[in-house]
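This report concerns only the one structure given below.
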Protein chains: 2
Amino acid sequence: MEAMKKDLSPKKQRFVEFIQNFTDVNKRAPTFQEIMNGLKIRSLGTVNWYVRELEHSGSLKRSGASNTKRALMIPEQKQNTGSLPLLGLIAAGYPLEAIENRESIEVPLSYAYSENYVLRVKGDSMIDDNIQDGDYVIVRQQASAENGQTVVAFINNEATLKRYYPKPDGIELHPRNPAYTVIRIGAEDEFKIGGVVLAVFRRYE
Amino acid sequence: MEAMKKDLSPKKQRFVEFIQNFTDVNKRAPTFQEIMNGLKIRSLGTVNWYVRELEHSGSLKRSGASNTKRALMIPEQKQNTGSLPLLGLIAAGYPLEAIENRESIEVPLSYAYSENYVLRVKGDSMIDDNIQDGDYVIVRQQASAENGQTVVAFINNEATLKRYYPKPDGIELHPRNPAYTVIRIGAEDEFKIGGVVLAVFRRYE
DNA sequence: TCAAATACTCGTAAGTTACTCGTAAGAAAT
DNA sequence: ATTTCTTACGAGTAACTTACGAGTATTTGA
């Protein structure tokens with residue numbers, strides 16, 4: 001039926017996240033000892049307590065039988081949640097900054113397709129488009145764009161958000177705010193479209 | 001199958017709203033102590049009194065057994081559609097403008113609760129907050145707010161989006177952009193909170 | 001208009017839960 | 001057969017919830 005989402009205590013949550021992250025980075029599950037060091041716990045007993053506890057509540061499983069080493073794993077997450085992966089941080093004029101532990105961000109159902117992804121805006125470099133620090137941008141991954149669409153553009157490995165205007169004599173990128181300057185892509189520039197911007201999302205706390 | 005809205009006393013209502021807020025912001029329920037601090041109550045006994053009272057009236061439940069920590073929760077009816085009603089147009093300094101045919105707007109699942117609604121921003125009156133014409137604002141309906149939260153405020157029947165700062169000598173409303181002026185609510189002003197702003201959403205075409 | 005009921009508040013302390021520790025024996029992997 | 005990991009146990013503590021008794025504002029109603 002439904003994936004039961006136990007709401008875990010902060011500490012248990014941190015525990016699960018550590019395992020998730022470790023597995024992600026090292027391509028294998030941590031040992032109890034590694035968890036202990038990583039979380040600054042001073043006793044294996046404590047680690048064991050967490051494992052039992054979380055296993056019992058279904059938030060943690062193991063790939064092998066009992067006693068198997070490095071067997072801890074996070075059970076599959078729910079599928080149709082209407083969320084997209086947060087791929088990185090974008091700041092105009094800088095390369096995309098990847099994110100360590102892959103987060104996922106909930107979006108309206110109509111955006112929840114596999115070719116879409118989310119970027120988080122860092123800094124106020126897009127303030128002229130009324131996009132501010134911390135905003136999320138929903139993007140559809142594609143290499144081409146229509147005239148006038150807002151795209152994630154990579155120019156010489158620097159990322160930015162601009163309107164796309166192909167012209168006979170080259171590509172123009174316009175800021176949404178006409179008070180700012182137009183960028184013209186020259187032959188010497190390396191240029192790539194990272195996707196089309198579908199929406200901007202800002203969470204107030 | 002209708003949401004049973006007990007009419008609670010203002011104080012009890014504020015209590016419930018605080019828990020809702022806290023859970024929303026912190027992704028976990030508050031402890032009694034945290035409620036105490038947040039609501040400027042000076043005794044755990046008082047908090048406990050509220051909890052018992054509200055639990056008895058059905059306005060509050062707990063996720064675990066008795067004595068479990070951080071278990072307070074508002075019985076909630078989540079909508080399955082992932083969309084919210086668009087209640088009207090908001091433009092700073094004008095009354096809310098109702099919408100003829102009630103539309104509904106898709107939102108991230110985590111916002112799809114029955115106490116939430118959506119407003120559309122009309123004009124550029126909120127441009128200083130980086131909210132522009134056509135943006136959607138997701139709001140949770142409630143009459144109280146915490147210090148510093150962004151609220152939909154009605155002052156003498158004019159609607160606006162501001163940060164809420166209750167002070168000993170009256171309420172202050174701050175624009176998010178510090179370059180603009182602070183509003184002070186006087187005794188002669190009619191003031192009401194229409195809800196707390198949870199998010200802003202902008203669709204690019 | 002006064003009394004009585006109701007709604008809320010206080011401080012403290014006892015009772016539970018959630019987590020922590022150290023150590024050591026048992027099982028798997030090399 | 002040694003090393004690397006997992007499990008077991010018992011005891012302790014900090015973080016939280018609940019109980020209790022008494023008190024003060026606010027509303028009701030006669």
Side-chain angles (χ1 to χ4, degrees), chain A residues 5-19 22-23 25-75, chain B residues 5-19 22-23 25-75 143-144 166 168:
Chain A
K5 185 80 172 188
K6 300 275 186 183
D7 42 356
L8 300 169
S9 73
K11 295 201 170 183
K12 285 180 182 172
Q13 206 161 318
R14 180 152 165 267
F15 194 90
V16 170
E17 277 168 9
F18 177 83
I19 293 175
F22 188 101
T23 309
V25 171
N26 300 282
K27 305 302 175 200
R28 58 178 187 177
T31 65
F32 282 37
Q33 183 79 44
E34 282 165 338
I35 296 174
M36 186 174 125
N37 297 335
L39 288 175
K40 305 273 192 277
I41 293 171
R42 255 164 303 176
S43 165
L44 280 172
T46 304
V47 176
N48 190 234
W49 178 83
Y50 273 104
V51 172
R52 289 169 138 295
E53 199 76 6
L54 289 166
E55 208 171 358
H56 186 262
S57 80
S59 312
L60 205 55
K61 286 185 177 165
R62 48 223 319 163
S63 47
S66 191
N67 282 324
T68 329
K69 299 178 179 178
R70 295 187 177 283
L72 262 32
M73 53 178 288
I74 315 296
Chain B
K5 202 68 175 182
K6 306 272 186 187
D7 46 355
L8 301 168
S9 73
K11 294 198 172 185
K12 284 181 182 172
Q13 194 161 326
R14 175 140 200 274
F15 193 91
V16 170
E17 284 173 0
F18 176 84
I19 292 175
F22 188 101
T23 308
V25 170
N26 300 281
K27 305 300 176 202
R28 61 181 210 231
T31 64
F32 283 37
Q33 183 81 42
E34 283 165 336
I35 297 174
M36 186 174 127
N37 297 335
L39 252 28
K40 305 275 191 269
I41 294 170
R42 255 163 303 176
S43 165
L44 280 172
T46 304
V47 176
N48 191 233
W49 178 82
Y50 273 102
V51 171
R52 289 170 139 296
E53 199 77 5
L54 289 166
E55 207 171 0
H56 187 260
S57 81
S59 312
L60 205 55
K61 288 186 176 162
R62 49 185 74 218
S63 50
S66 190
N67 280 323
T68 29
K69 301 175 180 179
R70 297 186 177 284
L72 261 32
M73 52 179 288
I74 316 296
S144 67

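Here the structure is a predicted model, which is why all the values come from computation and not from measurement.
- Annotation: side-chain hydrogen bond (donor to acceptor under 3.5 Å, both in side chains) contacts of Gln33(B) (sequence neighbours excluded): none.
- Judged as a salt bridge (Lys or Arg N to Asp or Glu O under 4.0 Å), and not counting sequence neighbours, Lys69(B) has no contacts.
- A salt bridge (Lys or Arg N to Asp or Glu O under 4.0 Å) check over residues 44-62 of chain B, counting only residues at least two apart or in different chains, returns the pairs Lys12(B)-Glu53(B), Glu55(B)-Arg62(B).
- For the side-chain contact (heavy atoms from CB on, under 4.5 Å) test, residues two or more places apart in sequence or in another chain that qualify with Ser43(B) are Thr46(B).
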Q.
Treating primed atoms plus P, OP1 and OP2 as sugar-phosphate and everything else as base, which nucleotides of nucleotides 13-23 of chain D get B, S or - for protein heavy atoms under 4.0 Å?
A. --BSBBB----
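- Put simply, CE on Met73(A) and CD1 on Ile19(A) are 11.0 Å apart, with the number rounded to the nearest 0.5 Å.
- For residues 26-45 of chain A, the salt bridge (Lys or Arg N to Asp or Glu O under 4.0 Å) pairs, not counting sequence neighbours, are Glu34(A)-Arg70(A).
- The end-to-end axis angle of the helix from dT1(C)-dA30(D) to dT30(C)-dA1(D), rounded to 10 degrees and based on five pairs per end, is 40°.
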Could I get a table of every N or O pair under 3.5 Å where one atom is in the protein and the other is in nucleotides 26-28 of chain D?
none

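- Taking side-chain N and O atoms only, Arg42(A) has no distance below 4.0 Å to OP1 or OP2 of dT20(C).
- Applying the ring pair (Phe, Tyr, Trp, His ring centres under 6.0 Å) test to residues at least two apart or on different chains, none of the pairs has a partner in residues 53-73 of chain A.
- Taking Thr68(B) as the reference, nothing meets the side-chain hydrogen bond (donor to acceptor under 3.5 Å, both in side chains) condition, with sequence neighbours excluded.
- When the side-chain contact (heavy atoms from CB on, under 4.5 Å) test is applied to Ser66(B), no partner is found at least two apart in sequence or on another chain.
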